[in-house]
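Note that ligands are numbered from 1 as they come in the structure, with each ligand's atoms numbered from 1 the same way. Side-chain atoms are counted along with the backbone in the values below, which use heavy atoms only and exclude waters and symmetry mates. For reference, positions follow the sequence shown, starting with 1.
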Amino acid sequence: MRDEFTSKTKELLFKRVGGRCSNPNCRKATSAPHTDINKSINVGIAAHITAAELNGPRYDPNMSSEERKSVENGIWLCQDHAKLIDCDEMRYTVEIIKEWRTISEKAALLDIEYNNQISTTETNEDKRIIKFYSQCFDRPAFQDEFVQEGSIEAFDRAIEDTITAINVGCLKDRDGNVLFQCLGKSYLFNPEWREKMDSIVDMMRAIRSRYRLAVHLGQIDVGGEYNGRQFYFFHNYEVAKWFDETRSQILFLFSEICKEAGIPKLVFPRKNKSVY
Ligand SMILES: [Zn+2]
C-alpha cells in the first residue's frame with residue numbers, strides 16, 4: 001500500500017518553495033490560472049524522497065508509514081524532475097534531494113526578502129538622486145525671466161553645468177570645484193522618472209543650441225559688459241517666448257517627479273513678467 005501525502009502536506013511542500021520546482025537548476029513555476037475562475041492549473045508534483053511503497057526508488061524499510069507520508073519525506077518538483085529523480089536512484093540520493101529542498105526553500109525566502117528590500121532601497125536611492133537634481137535647478141538660469149537681461153556666459157554655463165550634473169551626477173561651481181556629488185540619471189530605478197529626466201536633458205540641450213543660433217542670427221543682442229561679464233537681451237519676442245516655454249516644460253516635468261517623490265517643489269519667484 002502506498003503512503004500517499006495528504007493534500008495538506010502537498011500544499012505545504014508547494015508553498016515552502018514558492019510553488020516552484022525544487023531542483024535548484026530548474027526553479028520552474030508549477031501553477032497558473034485555469035479558464036475556470038474557481039480553479040488553478042498545477043503541473044508540479046509532491047514527490048517522495050524515499051519511495052511511498054516497497055521496491056520504489058530509495059525505499060527505506062526502517063521508516064514508519066507516518067514518516068513516509070510526512071512533509072520531511074517530500075519535495076516539490078516539476079514533472080520532468082519528479083520523473084528524473086526516480087529514474088536513477090544511485091545518482092539522485094536522499095542526501096542530494098534533501099539538499100535541493102534546502103536550497104530551494106532558502107531561495108524562496110530570499111525571493112521575498114530581497115524584493116522587499118530592493119524596492120525600499122530603490123525608492124530611497126531615487127529620492128536622494130532627485131533631491132540632488134533639485135539643488136542643480138536652484139539657480140538663476142532656471143528662475144529669472146529669459147526676456148530680461150542677464151549674463152550670456154553665466155546662462156550658457158549654468159545650463160551646461162546642469163546637463164552635466166544630471167548626466168553624471170556631479171555639480172560644480174563656476175571655478176570647476178565639485179559642490180555636490182551624486183548619481184547620473186541612468187541610475188534612476190523608476191523608469192518613468194528616468195524617461196522624464198531624459199526629456200529634460202534633451203530640452204536643455206535644445207535651449208543651448210537654440211541660444212547659440214539666436215546669437216548667430218542676431219535675435220539676441222549682446223550688450224555691454226558689467227563687472228567683466230557680458231549682458232544680452234532678446235529683441236525677438238517669438239524666440240524669447242520659445243525659451244520661456246521650453247524652460248517651463250522642463251520645470252513642469254521636474255515638479256511632477258518632485259511631487260511623486262515627496263520632495264518640496266521648486267519655488268520660482270519669477271516676479272518680473274515679460275518686459276516686452
Ligand atoms: Zn524542474
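Sorted by first and then second residue, the ring-ring contact (aromatic ring centres under 6.0 Å, His included) pairs involving residues 57-100 (not counting sequence neighbours) are Phe14-Trp76, Tyr92-Trp100.
Residues meeting the salt bridge (Lys or Arg N to Asp or Glu O under 4.0 Å) test with Glu256, sequence neighbours left out: Lys196. Remark: Glu89 pairs with no residue by the salt bridge (Lys or Arg N to Asp or Glu O under 4.0 Å) rule, at least two apart or across chains.
For the Zn ion (ligand 1), the neighbouring protein N/O/S atoms at less than 2.8 Å, given as residue and atom, are Cys21 SG, Cys26 SG, Cys78 SG, His81 ND1.
Across all their heavy atoms, Ile85 and Arg58 have their closest contact at O-NH1, 2.7 Å.
Using a 30° and 60° split on the angle between ring planes, Phe243 and Tyr211 fall in the perpendicular class, above 60°.
Between Arg101 and Glu72 a salt bridge is recorded (basic side-chain N to carboxylate O distance below 4.0 Å).
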